[in-house]
Undergrad: 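The structure that follows is given in the form of structure tokens.
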Amino acid sequence: KKMKRFSIILLTAMMVIGIIPKSVNAATIETPVGTVVSETVEYLPDGSSIITTVIDETVPTRAATYTKTGSKVHSQVNSSGDIMWQFTVRGTFSVNPGVSATCTAVSHSVNIVNDAWENESASSWRSSNKACGTATCVRKVLFITVETREANVTLTCDSNGNLS
């Protein structure tokens, strides 16, 4: 009986100080504006999943050589289907149709949706026709890291302006 009472008090205290994740508000999920090119889901053994979405943000043009802009979003999803955090790599490419594509600019962002998670590190860089990035997010309980997840994202543009 004492143990049950202690468990209830501990659970209540954890909820009050915010250790137990709060529900996710859909309005906090950030998605770049554009056309979804592809979306894949990888299911993990613990019941969570990773959703990877490629978005084309380019404004159509008729120029011979043009600029292509897009994003690749890595969304970490828990076993209940709620997004915990997102890592986005955005790339700008110079495309000479049928000949070449070169990444001219890259940026990244981390969006923590569930406050049980925090971003530990993130970086991005460009290489040839690729916009690359990596991020590490951790989940802590009572200031102790209990889970670490990494995202390695590569957005590629081919010589025909196709993003993947």
Side-chain angles (χ1 to χ4, degrees), residues 1-58 68-93 103-127 129-157 163-164:
K1 189 171 179 178
K2 286 183 181 182
M3 185 56 116
K4 185 176 179 181
R5 186 181 315 157
F6 175 75
S7 296
I8 292 170
I9 292 169
L10 181 62
L11 183 60
T12 303
M14 290 171 67
M15 288 175 18
V16 168
I17 62 173
I19 294 172
I20 296 178
K22 299 177 185 91
S23 62
V24 177
N25 180 350
T28 63
I29 299 170
E30 297 175 1
T31 305
V33 177
T35 304
V36 174
V37 175
S38 66
E39 188 166 82
T40 59
V41 181
E42 176 188 354
Y43 295 97
L44 304 176
D46 67 356
S48 65
S49 59
I50 297 167
I51 301 173
T52 305
T53 310
V54 176
I55 299 167
D56 186 341
E57 303 172 38
T58 306
K68 186 81 162 183
T69 303
S71 295
K72 195 166 200 176
V73 182
H74 171 109
S75 301
Q76 185 72 47
V77 180
N78 69 11
S79 58
S80 299
D82 299 320
I83 293 176
M84 300 291 97
W85 56 271
Q86 297 174 306
F87 176 58
T88 303
V89 173
R90 187 170 194 255
T92 302
F93 304 87
C103 184
T104 58
V106 64
S107 62
H108 66 274
S109 62
V110 178
N111 179 30
I112 301 296
V113 180
N114 183 302
D115 59 7
W117 288 86
E118 62 184 67
N119 178 238
E120 194 169 71
S121 65
S123 62
S124 57
W125 63 94
R126 56 191 172 98
S127 175
N129 65 330
K130 296 174 173 56
C132 309
T134 185
T136 301
C137 288
V138 296
R139 183 170 65 88
K140 294 184 178 184
V141 174
L142 297 175
F143 308 105
I144 298 170
T145 299
V146 295
E147 191 173 359
T148 301
R149 295 286 173 105
E150 291 186 4
N152 295 298
V153 174
T154 301
L155 176 65
T156 305
C157 182
L163 298 173
S164 60

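Both backbone and side-chain heavy atoms feed into the values below; hydrogens, waters and symmetry mates do not.
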Undergrad: Nearest 0.5 Å please: distance from the CZ atom of Phe87 over to the CD atom of Glu150.
TA: 11.0 Å
Undergrad: Looking only at atom types and distance, does a side-chain atom of Asn119 sit under 3.5 Å from a main-chain N or O of Thr136, one as donor and one as acceptor?
TA: yes
Undergrad: Dump the intermediate steps for side-chain hydrogen bond (donor to acceptor under 3.5 Å, both in side chains) on Ser71 and Glu57, then the final yes or no.
TA: CA-CA 7 Å; Ser71 295; Glu57 303 172 38; 2.2 Å; yes
Undergrad: Once you round to the nearest 0.5 Å, how far does CD1 of Ile50 lie from OG1 of Thr40?
TA: 9.5 Å
Undergrad: Assess whether side-chain contact (heavy atoms from CB on, under 4.5 Å) is satisfied between Val113 and Asn111, documenting all intermediate values.
TA: CA-CA 6 Å; Val113 180; Asn111 179 30; 3.7 Å; yes
Undergrad: Report the C-alpha separation of Leu163 and Leu155 in whole Å, then their side-chain angles, then the decisive distance to 0.1 Å, and conclude whether the side-chain contact (heavy atoms from CB on, under 4.5 Å) test is met.
TA: CA-CA 7 Å; Leu163 298 173; Leu155 176 65; 4.2 Å; yes
Undergrad: Could you tell me the separation between the OG1 atom of Thr145 and the CZ atom of Arg139, rounded to the nearest 0.5 Å?
TA: 10.0 Å
Undergrad: For Ser124 and Arg90, which I'm curious about, is there any donor-acceptor pair between the side chains at under 3.5 Å?
TA: no
Undergrad: Does His74 offer a backbone N or O that forms a donor-acceptor pair with the side chain of Thr52 under 3.5 Å?
TA: no
Undergrad: Going from OH on Tyr43 to OG on Ser48, what distance comes out if it is rounded to the nearest 0.5 angstrom?
TA: 11.5 Å
Undergrad: Where do Val36 and Val54 land on the side-chain contact (heavy atoms from CB on, under 4.5 Å) test, with the steps shown first?
TA: CA-CA 6 Å; Val36 174; Val54 176; over 6 Å; no
Undergrad: Does Asn129 use its side chain to pair, donor to acceptor, with the backbone of Cys157 at less than 3.5 Å?
TA: yes
Undergrad: Measure the shortest side-chain to side-chain distance between Glu118 and Lys140 over non-hydrogen atoms and say whether it is less than 4.5 angstrom.
TA: yes
Undergrad: Hey, is the main chain of Val153 close enough, under 3.5 Å, to the side chain of Lys72 for a donor-acceptor pair?
TA: no
Undergrad: To the nearest 0.5 angstrom, please state how far the OG1 atom of Thr134 sits from the NE2 atom of His108.
TA: 10.0 Å
Undergrad: Hey, mind stepping through Ile112 and Cys137 against side-chain contact (heavy atoms from CB on, under 4.5 Å) and telling me if it holds?
TA: CA-CA 9 Å; Ile112 301 296; Cys137 288; 4.1 Å; yes
